[in-house]
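Heads up, the thing below is written out as structure tokens.
In this text, all values refer to a predicted model and were calculated from it rather than measured experimentally.
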Amino acid sequence: MQLSFLSVTRANTRPRQRSSVLLLCLLLAGLPLQAQPPGSTYSPFRNAPVFLDVDDAFRFYVSLDSDEQISVHWQISPGYYLYADKFSFRITAPDDVAGVLIPLMPAGVPHEDEYFGKVSVYYQQTRSELKLPLDSPRQLTLEVGFQGCAEAGLCYPPELRLLEIQR
């Protein structure tokens with residue numbers, strides 16, 4: 001009778017690691033990788049949508065229309081929308097003209113929202129016209145509030161931005 005003993009002092013894992021890396025490379029090589037357009041909500045590496053940062057989804061800039069009026073111009077990324085009733089505009093400084101500004105807005109598009117029910121929203125772009133208080137100073141701070149969602153299922157929390165306006 002012959003007895004055999006096997007003694008292992010260190011496991012050799014290199015061949016297994018190499019084969020795992022090779023298998024991963026082969027799997028990735030078989031994926032159809034294409035450049036995705038800005039605002040894309042699909043990742044080829046997972047089935048979950050990929051969402052834009054709120055400031056990329058809802059971009060805006062301010063223009064001086066006259067000494068008494070400014071406008072906030074909104075660029076809304078494809079697949080996203082802003083709620084018409086969630087805008088807010090307020091002068092926060094200087095204190096002697098601080099107060100709420102009521103925007104003049106175009107009509108929105110009717111939308112059935114899973115969170116808020118029947119609402120009015122904006123797609124692609126919109127504009128908020130704001131009348132400034134009489135005798136307002138050349139420099140003021142404007143607080144801009146807004147809220148929007150991605151059609152793929154993400155609603156952003158209400159956002160506030162402070163803008164220094166120099167006329």
Inset, instruction - Look at Asp53 together with Arg59 and state whether they make a salt bridge at an N to O cut-off of under 4.0 Å. - result: no
Inset, instruction - Take atom CD of Gln124 as the centre, draw a 6.0 Å sphere, and report whether it contains more than 12 heavy atoms from other residues, nucleotides or ligands. - result: no
Legend entry - Exercise: identify the closest heavy-atom pair between Ile91 and Pro133: CD1-CD, 3.6 Å
Inset, instruction - Taking Ser136 for its side chain and Val97 for its backbone only, find out whether a donor-acceptor pair lies under 3.5 Å. - result: no
Inset, instruction - Could you tell me the separation between the NE2 atom of His111 and the OH atom of Tyr123, rounded to the nearest 0.5 Å? - result: 4.5 Å
Inset, instruction - Supply the atom-to-atom distance Arg90 CZ to Ile102 CD1, rounded to the nearest 0.5 angstrom. - result: 12.5 Å
Legend entry - Residue pair Pro158 / Lys86, side-chain heavy-atom distance below 4.5 Å: no
Legend entry - Ser71 side, atom OG; Tyr61 side, atom OH - distance, nearest 0.5 Å: 9.0 Å
Legend entry - Positive for side chain to side chain contact (heavy atoms under 4.5 Å, CB included) with Leu142, one of Leu101, Thr92, Leu162, Leu132: Leu101
Legend entry - Phe51 side, atom CZ; Cys149 side, atom SG - distance, nearest 0.5 Å: 10.0 Å
Legend entry - Passing candidate, side chain to side chain contact (heavy atoms under 4.5 Å, CB included) with Thr126, options Phe60, Tyr81, Trp74: Trp74
Legend entry - Over all atoms of both residues, closest heavy-atom pair of Tyr115 and Gly153: OH-O, 4.1 Å
Legend entry - Option passing salt bridge (charged side-chain N to carboxylate O under 4.0 Å, His left out) with Asp65 (candidates Arg127, Lys131, Arg167): Arg127
Inset, instruction - With rounding to the nearest 0.5 Å, note down the distance linking CG in Asp56 to OH in Tyr80. - result: 9.0 Å
Inset, instruction - Starting at CG of Leu134, measure out to CG of Asp67 and round the result to the nearest 0.5 Å. - result: 11.5 Å
Inset, instruction - Would you mind reporting whether Thr141 and Glu164 have side-chain heavy atoms less than 4.5 Å apart? - result: yes
Inset, instruction - Check the pair Tyr83, Asp113 against side chain to side chain contact (heavy atoms under 4.5 Å, CB included), reporting the backbone distance first and the verdict last. - result: CA-CA 10 Å; Tyr83 293 107; Asp113 189 85; 2.7 Å; yes
Inset, instruction - Check for a donor-acceptor pair, side chain of Ser66 on one end and backbone N or O of Glu68 on the other, with a separation under 3.5 Å. - result: yes
Inset, instruction - Please say whether more than 12 non-hydrogen atoms of neighbouring residues, nucleotides or ligands are located less than 6.0 Å from CG in Asp55. - result: yes
Inset, instruction - Give the minimum heavy-atom separation between Gly108 and Ser120, together with the two atoms involved. - result: CA-OG, 3.1 Å
Legend entry - Hphob cluster co-occupancy, Val109 + Val119, side-chain heavy atoms under 4.5 angstrom: yes
Inset, instruction - Measure from the side-chain N and O atoms of Tyr122 to the backbone N and O of Pro106, and report whether any donor-acceptor pair falls under 3.5 Å. - result: yes
Inset, instruction - Check the pair Phe116, Gln147 against side chain to side chain contact (heavy atoms under 4.5 Å, CB included), reporting the backbone distance first and the verdict last. - result: CA-CA 12 Å; Phe116 298 114; Gln147 185 177 11; 4.2 Å; yes
Inset, instruction - I would like to know whether Phe146 and Val54 meet side chain to side chain contact (heavy atoms under 4.5 Å, CB included); could you show each step before the answer? - result: CA-CA 10 Å; Phe146 60 96; Val54 68; 4.1 Å; yes
